[in-house]
Engineer: 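Quick one: the structure is below, questions incoming.
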Protein chains: 2
Amino acid sequence: MEFQKVDGRKARGEKKRRAIVEATLRVIERDGVTGVTHRSVAREAGVPTTAPTYYYATLDDLLIATLLWSAEELCDEMLHVVATGSAREIAQCLAQAVDEHRGRTLAEYELYLLAGRRPELKPAARRWLDLAVELARPADPTGFRAFLAAIDGLLIQGLIADVAPNEAELEPIVSFLIRGRDELTAAPREE
Amino acid sequence: MEFQKVDGRKARGEKKRRAIVEATLRVIERDGVTGVTHRSVAREAGVPTTAPTYYYATLDDLLIATLLWSAEELCDEMLHVVATGSAREIAQCLAQAVDEHRGRTLAEYELYLLAGRRPELKPAARRWLDLAVELARPADPTGFRAFLAAIDGLLIQGLIADVAPNEAELEPIVSFLIRGRDELTAAPREE
DNA sequence: AAACTTATGGAACACTTGTTCAGGTAGTTG
DNA sequence: CAACTACCTGAACAAGTGTTCCATAAGTTT
C-alpha cells in the first residue's frame, strides 16, 4: 500500500529479465548473433525454455534489448579513455579490446552491422560517437572524426590479425591520429 | 580426346558453382549472413534445393567460398583508388560504398566479423590491407596504417549514420588522413 | 483465509533447417 | 548404338526452431 512498495512479483521479473539479457550477451560473445535462439539463451541463463519468449515478445526484441544494453555498458567503459586519455592509455585500451575482451568487441561490432540493417538500432550503435564528440569538444571536428573513425578501424582490423596487435604497436598509430583530437582541443574551452 | 577438351559435364558444373556463389552474395547483401540457408540460396540461384549441398559439402564451405570470392572482387575494385587516388576520388569511392553499394559494403563487413571467428577467413579479409600496403609502399607506415584504419572506420560509421555521408562531407576527412599516405610516399621510389 | 491478479513453465504445434540417398539424366567412350 | 561413368536431383528424415496455450504457482488485497 505504501507508494514505494513495488509488487514483489514484478521485482523478481525484472531480475530475470536482466539475467536473460546478460545470458544473451554471453551467447553472442561466444557464438555470434547467429547462435542466439530462445533455447540457447534459456540454457545459458538457466531458465525455462519459454522464459525468453515470455519476457521478449520476439527474438528480435531480445536481440535489440541485449545490444542496446551492451552498447550502453561499453560506452561507459571506453568513452572517457578515448575522449581524454593519453596515446598510451588509448593504445592500452585498444589492445585489451582485441585481446582479453575480444569476444565482447566482436559482439559490439555485430551490433554495428545489425544497426546497418535495423534503423532502430542506429542511435545505440552511434551513441559512443556522439558522446565522444560532446565530451572532447574538439575545435577541429574534421581531425577528430578521422580519429574516431580510425579507432573503429584499428579495432576491427585488430580482430582479423593473425596475432592481436599489442599496446606497443598501437601507440605510435594512436599518437599520429591523436593530433586531430588535441591539436586544437588544448585551447581553453569556454562554455 | 584432345588434351584441351574438358568434360562438358564438369564445365557446366563450374558454371553452376559460380552461379550459386553469386546468388549467395546477393542473399547476404539482402538479408545478411543469417539469411543464408541452402534453400534460400537455391531459390535465389534458381537451382534445385540440394544443389548448394552438392557443390559445397557444408553450409560453412559455401559461406567461405562466397566470402573469399567477394573479397577478391572488391579488392580489385577499390584497391587502386585507395592506394593511389586523390582525396576527392577516395571520398567519392567511400560515398558510393555507403550509398549505392550499401548492401555490398554491409556484406563485406560481415566477412570481417566472420573472419574474427573463423581463422581460415582471416587472410581473405585482410587481403586488401596487405595489397594496399604493397601497392602504395608508404615511407611512413604508421601514418599509412592510420589512414587504412580510418577508411574502415569511415565506412562502418557511414553505414550506421541516419543519412549516408556524401562526398563533400568525406573529402576533408580523407584529406586530413591522406597525409599519412602521401607525405613521404611522394619521394622517388627506386626498385 | 478467500478472492483475485500476475508471473511462470511444460507440453505441443507447425514450420524450417541441414543433410542423406537411391535413382535418373546427360555427356563420353568403345 | 550400346556400355559406361560422372553429375545431378527430388523425396524424405531427424533435429531444431519460434511461438502458442493453458494449468499452476506465487504474490497481493480484501
Engineer: Whole Å only: how far is the CG atom of L59(B) from the C1' atom of dG16(D)?
Structural biologist: 15 Å
Engineer: Is the CZ atom of R30(A) crowded by more than 12 outside heavy atoms at less than 6.0 Å?
Structural biologist: yes
Engineer: Would you say a side-chain N or O of H38(A) is under 4.0 Å from OP1 or OP2 of dT19(D)?
Structural biologist: yes
Engineer: Could you state the atom-to-atom distance from CZ of R39(B) to C1' of dT20(C) in whole Å?
Structural biologist: 12 Å
Engineer: Can you name the residues that form a side chain to side chain contact (heavy atoms under 4.5 Å, CB included) with V33(A), not counting sequence neighbours?
Structural biologist: I28(A), L63(A), E110(A)
Engineer: Indicate if L94(B) and L129(A) have the same hydrophobic cluster label, given that clusters are the connected sets of ILVMFWY residues with side-chain heavy-atom separations under 4.5 angstrom.
Structural biologist: yes
Engineer: T53(A) vs T50(A), test: side-chain hydrogen bond (donor to acceptor under 3.5 Å, both in side chains). Steps then yes/no.
Structural biologist: CA-CA 5 Å; T53(A) 319; T50(A) 48; over 6 Å; no
Engineer: Quick one: is dT17(C) close enough that its OP1 or OP2 comes under 4.0 Å of any side-chain N or O from T37(B)?
Structural biologist: yes
Engineer: For D60(B) and dT17(C), give me the distance from atom CG to atom C1', rounded to whole Å.
Structural biologist: 15 Å
Engineer: Show each protein N/O and nucleotides 9-11 of chain C N/O combination with a separation under 3.5 Å, one pair to a line.
Structural biologist:
{"residue": "dG9(C)", "atom": "OP1", "partner": "K16(A)", "partner atom": "NZ", "Å": "3.4"}
{"residue": "dG9(C)", "atom": "OP2", "partner": "K16(A)", "partner atom": "NZ", "Å": "3.2"}

Engineer: Under a 4.0 Å N-O cut-off, is there an ion pair linking R18(A) with E14(A)?
Structural biologist: no
Engineer: Please determine, by modelled atom types, if D61(A) and Y55(A) share a side-chain donor-acceptor pair under 3.5 angstrom.
Structural biologist: no
Engineer: Can you check the L62(B) CG to dT19(C) P distance for me, whole Å?
Structural biologist: 11 Å
Engineer: When the distance from NZ of K15(A) to P of dA7(C) is rounded to whole Å, what number comes out?
Structural biologist: 17 Å
